[in-house]
> 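Submitted below is the structure of interest, expressed as structure tokens.
Quick note: residue numbers are just sequence positions, from 1. Values in this document were obtained by computation on a predicted structure and should not be read as measured data.
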Amino acid sequence: MRFCFATLADEVHAAIQRAEAELRLEQAVRGLDSMDERQVQSLLAGALAGHYEVAREVHYPSSRGSKLTHRQRCDLVLSPTGRPLALDSRPPGLFDPTDQCPPGEALWLEVKVAYQFREGGVRHGGYGAQWRTAVVDDLRKMESETPIREAGLLLVVFTESLEVLEKDLQLFEDVLVLKEVLAGFRQVRSTGILDRIGHRFCTAVLWPTIQR
């Protein structure tokens, strides 16, 4: 395995901690849990760019040849520093780096965000569905991509307590077993956040997929 998931989880954790510290220093009215999924992805992409080459919204290799608008995309793709990902959506350019990283040597990450509460402290009606449906679909999509050797799911979860988080993680992994989706040992990193709408913890959970 080229990429260490424990190290990656630590890097994501550090990015969340820095962002939370900056919001507290600013005495911001809105917190990390006011960000939507794309904003969280942007935050993490910017932080991880200090450790890897980062490509966003990359088309999956299996959809090559289809119209670009019909191709499924992966949220983040990481490759070693100095070796940007070779993209198949455009022909090589004269000034492109010569040592580009092929898809099979990169780490493909789907990044999803789940919120226990909405603005105003109202419980999020779609919280459970985010775990049971959308995330499972992403894992299935990734594990079926034969050109990809390393992939993972990064779930950023906002909860009122670590007890709620642990219960939901276990339920989610039970769902994976029932649906016969293969995932490796999870890496979990939690950060305490200022309670603005009911969330007291932001947790990054990282699962490596087991490619078929």
Side-chain angles (χ1 to χ4, degrees), residues 3-25 28 30-48 50-52 54 74-76 78 107-139 142 151-177 181 183-209:
F3 295 87
C4 175
F5 277 72
T7 299
L8 177 57
D10 289 340
E11 291 160 351
V12 170
H13 184 214
I16 293 172
Q17 286 183 315
R18 283 196 302 272
E20 171 64 15
E22 289 170 3
L23 289 171
R24 292 194 186 205
L25 186 62
R30 295 164 67 84
L32 292 173
D33 49 359
S34 70
M35 292 183 173
D36 62 23
E37 192 165 85
R38 291 185 65 83
Q39 289 172 319
V40 172
Q41 291 170 0
S42 294
L43 168 69
L44 297 179
L48 292 174
H51 306 279
Y52 312 90
V54 181
C74 183
D75 297 319
L76 299 179
L78 310 182
L107 174 62
W108 295 66
L109 281 179
E110 289 287 356
V111 181
K112 291 293 171 279
V113 184
Y115 309 85
Q116 192 180 351
F117 297 100
R118 292 182 182 275
E119 292 285 345
V122 179
R123 288 192 176 270
H124 198 306
Y127 175 69
Q130 293 173 88
W131 295 76
R132 292 190 295 270
T133 306
V135 176
V136 171
D137 289 345
D138 278 339
L139 283 170
M142 298 179 80
L153 167 69
L154 174 58
L155 182 62
V156 178
V157 195
F158 293 96
T159 57
E160 62 183 324
S161 70
L162 295 180
E163 289 75 19
V164 167
L165 170 75
E166 184 56 38
K167 174 180 68 70
D168 290 339
L169 287 177
Q170 189 56 58
L171 288 172
F172 174 63
E173 291 186 339
D174 291 344
V175 170
L176 294 184
V177 172
V181 177
F185 179 76
R186 71 187 187 224
Q187 298 285 337
V188 183
R189 307 288 188 275
S190 293
T191 300
I193 62 173
L194 197 61
D195 183 351
R196 292 179 174 87
I197 61 172
H199 301 130
R200 295 176 57 237
F201 292 93
C202 175
T203 302
V205 192
L206 183 62
W207 287 271
T209 65

> Which salt bridge (Lys or Arg N to Asp or Glu O under 4.0 Å) pairs, counting each pair once, include a residue from residues 156-168, with sequence neighbours left out?
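Those involving residues 156-168 are R123-E160, E166-R186.
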> Taking all atoms of both residues into account, what is the closest heavy-atom pair of I197 and E119, and its distance?
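Shortest heavy-atom contact: CG2-OE1, 3.7 Å.
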> Within a 6.0 Å radius of atom CZ on R24, are there more than 12 heavy atoms belonging to other residues, nucleotides or ligands?
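More than 12 heavy atoms, drawn from other residues, nucleotides or ligands, come within 6.0 Å of this atom.
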> Which atom pair, heavy atoms only, marks the closest approach of A9 to L206?
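Shortest heavy-atom separation between A9 and L206 comes out as N-CD2, 4.0 Å.
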> H199: which residues meet the side-chain hydrogen bond (donor to acceptor under 3.5 Å, both in side chains) condition with it, sequence neighbours left out?
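Testing H199 for side-chain hydrogen bond (donor to acceptor under 3.5 Å, both in side chains), a comparison that skips the adjacent residues, returns D33.
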> Considering non-hydrogen atoms only, spot the tightest contact between G152 and L107 and give its length.
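Between these two residues, the closest heavy atoms are N-CD1, 4.4 Å.
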> Mind running side chain to side chain contact (heavy atoms under 4.5 Å, CB included) on L78 and V54 for me, showing each step along the way?
CA-CA 5 Å; L78 310 182; V54 181; 3.8 Å; yes
> Partners of W207 by side-chain hydrogen bond (donor to acceptor under 3.5 Å, both in side chains), sequence neighbours excluded?
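Applying side-chain hydrogen bond (donor to acceptor under 3.5 Å, both in side chains) to W207 gives E173.
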> Are H13 and T191 close enough that some pair of their side-chain heavy atoms sits under 4.5 Å apart?
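Yes; the side chains approach each other to less than 4.5 Å.
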> Kindly compute the distance separating CG (L155) from CD (E110), expressed to the nearest 0.5 Å.
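Between L155 CG and E110 CD, I get 12.0 Å after rounding to 0.5 Å.
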> Which residues pass the side-chain hydrogen bond (donor to acceptor under 3.5 Å, both in side chains) test with D174, not counting sequence neighbours?
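side-chain hydrogen bond (donor to acceptor under 3.5 Å, both in side chains) list for D174, sorted by chain: Q170.
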> Between A45 and L76, what is the shortest heavy-atom contact and its length?
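For A45 and L76, the tightest heavy-atom pair comes out as CB-CD2, 3.8 Å.
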> List in chain and number order the residues that pass ring-ring contact (aromatic ring centres under 6.0 Å, His included) with Y127, two or more places apart in sequence or in another chain; answer none if no residue qualifies.
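Applying ring-ring contact (aromatic ring centres under 6.0 Å, His included) to Y127 gives W131.
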> Would you find a donor on one side and an acceptor on the other, under 3.5 Å apart, between the side chain of E20 and the backbone of Q17?
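No.
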> Relative to the ring of F158, is the ring of Y115 parallel (under 30°), tilted (30 to 60°) or perpendicular (over 60°)?
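Parallel, since the angle between the ring planes stays under 30°.
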> Check the pair L32 / L43 against side chain to side chain contact (heavy atoms under 4.5 Å, CB included), numbers first and verdict last.
CA-CA 10 Å; L32 292 173; L43 168 69; 4.3 Å; yes
> Side chains of F201 and V157: closer than 4.5 Å at any heavy-atom pair?
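F201 vs V157: side chains apart.
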> Would you check if the side chain of E11 reaches a backbone N or O of L48 as a donor-acceptor pair within less than 3.5 Å?
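Answer holds: no.
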> Apply side chain to side chain contact (heavy atoms under 4.5 Å, CB included) to K112 and D75, showing your working.
CA-CA 9 Å; K112 291 293 171 279; D75 297 319; 3.1 Å; yes
> Supply the atom-to-atom distance L8 CG to F3 CZ, rounded to the nearest 0.5 angstrom.
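These two atoms lie 9.0 Å from each other.
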> Report the distance from atom CZ of F5 to atom CG of L154, rounding to the nearest 0.5 Å.
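Between F5 CZ and L154 CG, I get 10.0 Å after rounding to 0.5 Å.
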> So L171 and V175, side chain to side chain contact (heavy atoms under 4.5 Å, CB included) or not? Walk me through it.
CA-CA 6 Å; L171 288 172; V175 170; 5.7 Å; no
> For the atom pair CG (L176) and OG1 (T209), what is the distance rounded to the nearest 0.5 Å?
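Rounded to the nearest 0.5 Å, the CG-OG1 separation comes to 11.5 Å.
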> D10: what forms a salt bridge (charged side-chain N to carboxylate O under 4.0 Å, His left out) with it, not counting sequence neighbours?
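Only R189 meet the salt bridge (charged side-chain N to carboxylate O under 4.0 Å, His left out) criterion with D10.
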> In Å and rounded to the nearest 0.5 Å, what is the CZ to CZ distance from F117 to R196?
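Answer rounded to 0.5 Å: 15.5 Å.
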> Measure the spacing between SG of C202 and CD1 of I193 and express it to the nearest 0.5 Å.
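Taking SG in C202 and CD1 in I193, the distance rounds to 6.0 Å.
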